[in-house]
J.: 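Quick one: structure below, then a few questions.
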2 protein chains.
Amino acid sequence: MTTPEINTWQGVQEEVRRRITQRVWRPGEFIPHEADLAAEFGCARATVNRALRELAEAGLLDRRRRAGTRVAVNPVRKAQLEIPVIREEIVAKGQAYGHRVLSREMPVPPAEVAARMQVAPGRKLLHLRTLHTADGAPYVYENRWINPEAVPAVLAEDFSAISPNEWLVREVPFEGGDFTFSALSAGGAEAEVLSCPAGTGLFVLDRTTWTGAGMITSVRLVFHPGYRMHTRL
Amino acid sequence: MTTPEINTWQGVQEEVRRRITQRVWRPGEFIPHEADLAAEFGCARATVNRALRELAEAGLLDRRRRAGTRVAVNPVRKAQLEIPVIREEIVAKGQAYGHRVLSREMPVPPAEVAARMQVAPGRKLLHLRTLHTADGAPYVYENRWINPEAVPAVLAEDFSAISPNEWLVREVPFEGGDFTFSALSAGGAEAEVLSCPAGTGLFVLDRTTWTGAGMITSVRLVFHPGYRMHTRL
DNA sequence: AAGTGGTCTAGACCACTCC
DNA sequence: GAGTGGTCTAGACCACTTA
């Protein structure tokens with residue numbers, strides 16, 4: 001049995017992956033220590049560490065100090081979704097991007113929105129309803145609340161030339177975000193804006209974004225019928 | 001100006017993050033080379049490298065050899081979704097998990113399914129329709145096709161004690177997967193199985209899984225009304 | 001108390017890409 | 001050709017956990 005040296009972390013990772021998928025190391029079993037693997041592959045322990053660390057992050061391995069490393073029993077499937085910038089997504093498909101503001105108001109928000117944005121009840125928020133289109137056809141209906149205390153400049157912008165999303169990305173340094181994916185049945189408003197029959201199942205993305213200073217914006221994106229979000233593992 | 005030493009990669013990362021979000025380094029700008037940063041922070045270049053590499057993977061930095069490192073203009077938002085094992089998700093909420101097989105057949109699949117599973121037209125596939133319940137209430141309607149040539153043992157299993165998903169995870173070493181998230185409007189079948197009115201918007205996850213040897217299974221999970229998938233950034 | 005993974009260092013060479 | 005990030009090494013110490 002030849003044992004050619006493996007001295008790149010990619011190589012080590014590949015070999016370890018192989019041993020896991022081919023059940024050389026079975027789920028729940030301990031695998032050799034880093035030092036042993038380093039000796040076997042003829043490389044430094046740091047190289048083995050780099051390879052195993054990534055596999056652990058991917059959920060294929062469970063690592064604990066003193067205990068050792070074992071093959072995960074339930075490999076957690078983590079799908080990495082890329083949240084698209086609507087305009088770029090449409091342009092990438094070779095379609096013409098369009099965007100228009102349906103309404104722009106400054107009301108006292110419903111209690112649920114005030115809670116989500118963590119503002120005192122009775123404070124007014126900027127409320128924008130806009131539509132993104134692809135080749136003129138409705139693509140995404142955007143329903144957004146913006147906290148003008150966190151982003152004062154927003155009051156001077158009319159969003160005729162740039163969508164609120166892109167404006168915010170450019171102007172405000174985010175620190176965190178919160179995403180929820182779900183589905184809804186088109187009510188009157190969605191049906192009209194997206195030109196689809198009431199009752200159509202629609203894909204929905206709710207997103208809330210903040211900085212250290214507080215909540216910036218909370219948006220609901222309602223996608224056109226048939227929209228899919230895709231990823232590969 | 002004191003410049004306390006930073007000699008952990010987490011510390012370096014935090015400081016670099018701060019300089020990006022506070023616009024000390026502005027979008028599109030080059031940041032100092034690894035060697036310079038290492039000198040500034042009083043740590044090894046490898047430590048800086050580890051910190052910056054992760055930020056680049058997260059989409060906050062663009063790195064290129066010879067060119068250098070710059071702050072990303074469009075920070076790509078990548079949301080990492082954890083695909084749940086249904087049973088565990090339900091149990092984690094303190095509810096009682098249940099599962100039952102609605103139908104189990106071995107038909108020639110529709111052309112669309114045959115294409116997705118990459119089997120010759122006319123070959124039969126195992127078709128399973130099952131329901132996962134939480135405290136007795138419908139949770140997920142699972143519509144699955146399995147390639148018996150890739151997993152012969154599947155023909156001997158009746159899935160009364162274990163769901164197809166968990167059985168497959170345990171028996172078959174996956175190599176890759178393909179996920180699509182979307183929404184549909186409940187038709188007669190979904191409405192009946194999930195006990196909801198026809199026309200309800202439902203969250204859908206389509207998943208196809210394979211090994212090097214070929215396609216294993218293709219499944220559509222239709223979640224109960226109101227289901228949400230959540231992640232934080 | 002001991003053994004494991006987690007990390008840092010200093011130095012080195014390599015791969016890629018821009019000039 | 002030269003300069004940047006990408007990676008490997010050998011050694012060391014630390015943090016955590018379990019026996």
Side-chain angles (χ1 to χ4, degrees), chain A residues 3-17 19-20 24-73 75-76 78, chain B residues 3-17 19-20 24-76:
Chain A
T3 314
E5 294 213 339
I6 303 178
N7 54 5
T8 69
W9 68 265
Q10 293 95 333
V12 172
Q13 195 173 76
E14 195 179 342
E15 173 62 12
V16 171
R17 264 208 148 86
R19 294 188 186 179
I20 295 173
V24 178
W25 295 330
R26 327 193 90 252
E29 259 182 29
F30 281 100
I31 75 173
H33 311 145
E34 289 190 351
D36 292 350
L37 288 174
E40 180 192 342
F41 296 139
C43 66
R45 183 164 80 92
T47 306
V48 174
N49 183 277
R50 168 84 190 265
L52 298 189
R53 192 208 324 142
E54 291 207 347
L55 292 175
E57 280 169 10
L60 269 76
L61 293 176
D62 273 339
R63 319 194 76 193
R64 254 180 294 171
R65 282 169 166 160
R66 163 76 196 183
T69 300
R70 52 172 73 203
V71 179
V73 186
V76 183
K78 293 180 183 172
Chain B
T3 313
E5 295 214 339
I6 303 179
N7 54 3
T8 68
W9 68 265
Q10 292 95 332
V12 172
Q13 195 173 75
E14 194 180 341
E15 172 62 13
V16 171
R17 265 208 148 86
R19 293 188 187 180
I20 295 173
V24 178
W25 296 330
R26 326 194 91 252
E29 259 183 29
F30 281 101
I31 76 173
H33 311 145
E34 290 190 350
D36 292 350
L37 288 173
E40 181 191 343
F41 296 140
C43 65
R45 183 164 80 91
T47 305
V48 174
N49 182 278
R50 168 84 190 265
L52 297 189
R53 191 209 323 142
E54 291 208 347
L55 291 175
E57 281 169 9
L60 269 75
L61 294 175
D62 272 339
R63 318 194 76 191
R64 253 180 294 173
R65 283 169 166 161
R66 164 73 199 184
T69 300
R70 54 172 72 203
V71 180
V73 185
N74 279 25
V76 182

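Given the structure is predicted, the values throughout are model-derived calculations rather than measurements. Proteins come first, then strands; the chains are lettered A, B, ... in the order of their sequence lines, and each starts at number 1.
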J.: Mind checking side-chain hydrogen bond (donor to acceptor under 3.5 Å, both in side chains) for B:R70 and listing every partner two or more places apart, or none if nothing turns up?
T.: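 For B:R70, no residue satisfies side-chain hydrogen bond (donor to acceptor under 3.5 Å, both in side chains) once neighbours in sequence are set aside.
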
J.: To the closest 0.5 Å, what do you measure between CD (A:Q13) and CG (A:L55)?
T.: 4.5 Å

J.: My understanding is that only residues two or more places apart in sequence, or in another chain, count here; which of them pass side-chain hydrogen bond (donor to acceptor under 3.5 Å, both in side chains) with B:E34?
T.: B:R45, B:N49, B:R63

J.: Does A:R64 put a side-chain nitrogen or oxygen below 4.0 Å from OP1 or OP2 of D:dT18?
T.: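 The answer is yes; a side-chain N or O of A:R64 sits under 4.0 Å from OP1 or OP2.
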
J.: Round to a whole Å and report the spacing from CZ of A:R63 to P of D:dC16.
T.: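 A:R63 atom CZ is separated from D:dC16 atom P by 16 Å.
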
J.: Sequence neighbours excluded, which residues qualify as side-chain hydrogen bond (donor to acceptor under 3.5 Å, both in side chains) partners of A:R53?
T.: none

J.: Roughly how many Å is it from CD in A:E57 to C1' in C:dG5, rounded to a whole number?
T.: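 Taking atom C1' of C:dG5 as the reference, CD of A:E57 is at 14 Å.
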
J.: Between C:dG6, D:dG6, C:dC8, which nucleotide gets closest to the side-chain atoms of A:N49?
T.: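 Shortest atom-to-atom distance from the side chain points to C:dG6.
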
J.: Give a yes or no on whether B:Q10 atom CD has more than 12 heavy-atom contacts from other residues, nucleotides or ligands under 6.0 Å away.
T.: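 Yes, enclosed.
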
J.: Which pair of non-hydrogen atoms, one from B:T47 and one from B:T8, has the smallest distance, and what is that distance?
T.: CG2-C, 3.7 Å

J.: Over how many whole Å does the gap from B:D62 atom CG to D:dT4 atom P extend?
T.: 18 Å

J.: Quick one: B:E54 CD to D:dG5 C1', roughly how many Å, whole number?
T.: 16 Å

J.: Quick test: give all pairs of protein nitrogen or oxygen and nucleotides 10-15 of chain D nitrogen or oxygen below 3.5 Å, distance rounded to 0.1 Å.
T.:
residue, atom, partner, partner atom, Å
D:dA12, N6, A:R45, NH2, 3.1

J.: May I have the distance from B:N7 (atom CG) to C:dG6 (atom P), rounded to whole angstrom?
T.: 19 Å

J.: What distance separates B:L60 CG from B:E54 CD, expressed to the nearest 0.5 Å?
T.: 12.0 Å

J.: For the pair made of CZ in B:F41 and P in C:dT9, what is the distance, rounded to whole Å?
T.: 12 Å

J.: Answer yes or no: does a side-chain N or O of A:T69 lie under 4.0 Å from OP1 or OP2 of C:dT4?
T.: no

J.: Pull out every residue in residues 29-38 of chain A that has a heavy atom closer than 4.0 Å to any atom of DNA chain C, ordered by number, or say none.
T.: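 Under 4.0 Å from DNA chain C: A:H33, A:E34.
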
J.: Please set out all donor-acceptor pairs under 3.5 angstrom arising from side-chain atoms of residues 25-32 of chain A, sequence neighbours excluded.
T.:
residue, atom, partner, partner atom, Å
A:E29, OE1, A:R26, N, 3.4

J.: Which residue, A:A67 or A:R53, contacts DNA chain C at a nucleotide closer to its 5' end, judged by nearest heavy atom?
T.: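 The answer here is A:A67.
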
J.: CZ of B:R19: more than 12 outside heavy atoms within 6.0 angstrom?
T.: yes

J.: Please tell me if A:Q10 has a side-chain N or O lying less than 4.0 Å from either OP1 or OP2 of D:dG6.
T.: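 Result: no.
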
J.: Can you check the A:L61 CG to C:dG6 P distance for me, whole Å?
T.: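 Checked: the CG to P distance equals 10 Å.
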
J.: Under 4.0 Å: is that the gap between some side-chain N or O of B:T47 and OP1 or OP2 of C:dT7?
T.: no

J.: Expressed in angstrom and rounded to an integer, what is the separation of A:E5 atom CD from D:dC8 atom C1'?
T.: 12 Å

